[in-house]
J.: 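Take a look at this one; I'll ask things after.
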Amino acid sequence: MKKFRLLILALALVPAAVFAQGNASKSPSAGNWMLELNANPFGSEGVFSSPGLQVKYRITNRLVARLAVDADWRKNGVSPSDYREDEKYKNVYSEKTSMFSIRPGVEFHFLKGTKVSPYAGLEVAYRKKSSSSWYEAYNVDYYDKNKLNFSTHKEIDGSWVLTTGSSYSTVTTYPERAFNSIGLNLVLGSDFYLVKNMYFGFEVGLGYSKIDFKRVEQVYEYYYEYDKSTSTTTSTLQPSSSPANLSFYSNSAIRFGVWF
């Protein structure tokens, strides 16, 4: 949320500075820079959303270079401090994931110097996601919560682990899979320059992507209190895979930006 506030502030200050210079043009030309964000006023995840900030540069009146970047980091967990101090055995866990994406590309605008500027473009998309997690659980006596039966510790590389259901039937899934992805997008869109030094636009496209999902591995440690024994095993929870996809897509958000 903090990064979005800073970006919004920057987008508000740039046109103000440009207005002070007395530039009367309502549409950008060769040599101008453009900054934009996705805006979805009615979205459930906030007004401004991914893919984050996009920067454009007008090489000529019709040819535009573009670069979009995005980053995301999340953490879930339960620590011993979340329990009461008098509780001896505490089930704890930690889940972390991060993702970075970059999309360089070009646009060709069919018209120049107009308030409505349709274009076609091409961009390369690269994404990298990392995930890891660990889970520590204690099984205690039904009548004496301070008496340990056994404990387990799981170190997961490549995903989180989610188990749902009851003691009779459980389902385990592996959300937040780690992966590398490379893709190529053909885009069609239009920019609308209705206010000086500000614009909005829409975009659709045809995209191809190849995703390399990382193998999910687990190191499992089991401690049995009765004979103080410990065992450790390493196993594959999910094999690696490399699906490919070709599909049409549309950006449901409004692209809001400024130029200078």
Side-chain angles (χ1 to χ4, degrees), residues 1-7 40 42-52 70-101 127-181 211-243 245:
M1 181 59 68
K2 183 178 179 181
K3 71 176 182 179
F4 284 134
R5 289 176 180 172
L6 294 175
L7 290 172
N40 189 352
F42 305 104
S44 60
E45 297 182 358
V47 175
F48 294 94
S49 59
S50 294
D70 191 29
D72 182 55
W73 182 85
R74 283 181 294 143
K75 179 181 179 180
N76 292 328
V78 172
S79 66
S81 61
D82 296 322
Y83 289 86
R84 298 196 314 268
E85 291 187 2
D86 61 344
E87 294 181 276
K88 184 175 181 180
Y89 297 108
K90 307 170 183 181
N91 295 335
V92 293
Y93 73 94
S94 175
E95 300 171 327
K96 298 178 182 179
T97 185
S98 62
M99 186 173 70
F100 171 78
S101 67
R127 292 185 299 161
K128 180 180 178 62
K129 183 173 185 176
S130 300
S131 292
S132 63
S133 56
W134 61 263
Y135 307 85
E136 191 168 278
Y138 297 89
N139 181 280
V140 298
D141 186 84
Y142 183 81
Y143 299 101
D144 184 358
K145 300 302 181 182
N146 290 319
K147 182 180 180 181
L148 177 67
N149 293 325
F150 64 87
S151 65
T152 61
H153 182 87
K154 304 175 184 178
E155 293 276 354
I156 313 296
D157 181 31
S159 78
W160 299 356
V161 177
L162 177 63
T163 301
T164 58
S166 64
S167 58
Y168 300 101
S169 177
T170 60
V171 177
T172 300
T173 57
Y174 304 93
E176 305 296 341
R177 287 284 301 271
F179 65 84
N180 290 321
S181 173
I211 303 178
D212 294 322
F213 284 106
K214 183 178 179 180
R215 180 171 61 250
V216 180
E217 294 185 331
Q218 171 183 261
V219 177
Y220 181 86
E221 297 180 1
Y222 180 90
Y223 172 76
Y224 188 43
E225 176 66 14
Y226 178 76
D227 59 2
K228 311 296 184 183
S229 63
T230 302
S231 64
T232 302
T233 58
T234 301
S235 60
T236 297
L237 299 180
Q238 289 285 291
S240 59
S241 60
S242 300
N245 181 56

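The figures that follow rest on heavy atoms only: side chains count, while hydrogens, waters and symmetry mates do not.
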J.: Only counting residues at least two apart or in another chain, list the ones meeting salt bridge (Lys or Arg N to Asp or Glu O under 4.0 Å) with Asp86.
T.: Arg84
J.: Could you please spell out the steps behind the side chain to side chain contact (heavy atoms under 4.5 Å, CB included) verdict for Tyr89 and Glu136?
T.: CA-CA 10 Å; Tyr89 297 108; Glu136 191 168 278; over 6 Å; no
J.: Given the rule in the side chain to side chain donor-acceptor pair (under 3.5 Å) test, do Thr233 and Ser235 qualify, once you have shown the distances and angles that lead to the verdict?
T.: CA-CA 7 Å; Thr233 58; Ser235 60; 5.5 Å; no
J.: Tell me the closest heavy-atom pair linking Trp73 and Ser98, and the distance in Å.
T.: CD1-CB, 3.7 Å
J.: Please give me the minimum heavy-atom distance between Ser130 and Ala178, naming the atom from each residue.
T.: CA-CB, 4.1 Å
J.: How long is the gap from OG on Ser240 to CZ on Phe213, to the nearest 0.5 Å?
T.: 11.0 Å
J.: Assess whether side chain to side chain contact (heavy atoms under 4.5 Å, CB included) is satisfied between Tyr138 and Ser151, documenting all intermediate values.
T.: CA-CA 4 Å; Tyr138 297 89; Ser151 65; 3.6 Å; yes
J.: List the residues meeting ring pair (Phe, Tyr, Trp, His ring centres under 6.0 Å) with Trp134, not counting sequence neighbours, and say none if there are none.
T.: His153
J.: List in chain and number order the residues that pass side-chain contact (heavy atoms from CB on, under 4.5 Å) with Lys147, two or more places apart in sequence or in another chain; answer none if no residue qualifies.
T.: Asp141, Asp144
J.: Quick one: ring pair (Phe, Tyr, Trp, His ring centres under 6.0 Å) partners of Tyr174, sequence neighbours excluded?
T.: none
J.: List for me each residue that meets salt bridge (Lys or Arg N to Asp or Glu O under 4.0 Å) alongside Asp212, sequence neighbours excluded, and say none if there are none.
T.: Lys210
J.: Tell me whether Glu85 at atom CD has more than 12 heavy atoms from other residues, nucleotides or ligands lying less than 6.0 Å away.
T.: no
J.: Among residues at least two apart in sequence or on other chains, which ones pass side-chain contact (heavy atoms from CB on, under 4.5 Å) with Ser231?
T.: Tyr222
J.: Quick one: pull up CD in Gln238 and OG1 in Thr173 and give me the separation to the nearest 0.5 Å.
T.: 9.5 Å
J.: For Phe100, enumerate each residue passing the ring pair (Phe, Tyr, Trp, His ring centres under 6.0 Å) test, keeping only those at least two apart in sequence or located in another chain.
T.: none
J.: Measuring from Arg177:CZ to Trp160:CH2, what's the distance to the nearest 0.5 Å?
T.: 14.5 Å
J.: Quick one: which residue pairs count as a salt bridge (Lys or Arg N to Asp or Glu O under 4.0 Å) with a foot in residues 213-231, not counting sequence neighbours?
T.: Asp157-Lys214, Arg215-Glu217, Glu225-Lys228
J.: For Lys145, which residues count as a side-chain contact (heavy atoms from CB on, under 4.5 Å) partner, sequence neighbours excluded?
T.: Val140
J.: Once you round to the nearest 0.5 Å, how far does CD1 of Ile211 lie from CG of Asn180?
T.: 10.5 Å
J.: Atom OG1 in Thr97, atom CG in Asn76: separation rounded to 0.5 Å?
T.: 10.0 Å
J.: Name the one of Glu155, Lys154, Gln218, Glu95 that satisfies side chain to side chain donor-acceptor pair (under 3.5 Å) with Tyr135?
T.: Glu95
J.: Find the distance between OH (Tyr220) and CD1 (Ile156) and round it off to the nearest 0.5 Å.
T.: 10.5 Å
J.: Please tell me whether Thr172 and Thr163 have a donor and an acceptor in their side chains that are separated by less than 3.5 angstrom.
T.: yes
J.: Looking at Ser79 and Val92, what are the two nearest heavy atoms and their distance?
T.: C-CG1, 3.7 Å
J.: Ser159 and Pro175: which non-hydrogen atoms are nearest, and at how many Å?
T.: CB-O, 3.5 Å
J.: Checking Glu176 now: which residues fulfil salt bridge (Lys or Arg N to Asp or Glu O under 4.0 Å) with it, not counting sequence neighbours?
T.: Arg74, Lys129
J.: Sequence neighbours left out, what passes side-chain contact (heavy atoms from CB on, under 4.5 Å) with Thr164? Give chain and number order.
T.: Leu162, Val171
J.: Going by the rule ring pair (Phe, Tyr, Trp, His ring centres under 6.0 Å), which residues pair with Tyr83 if we only count those two or more places apart in sequence or in a different chain?
T.: none
J.: Sub-3.5 Å donor-acceptor pair from the side chain of Asn149 to the main-chain atoms of Tyr224, do we have one?
T.: no
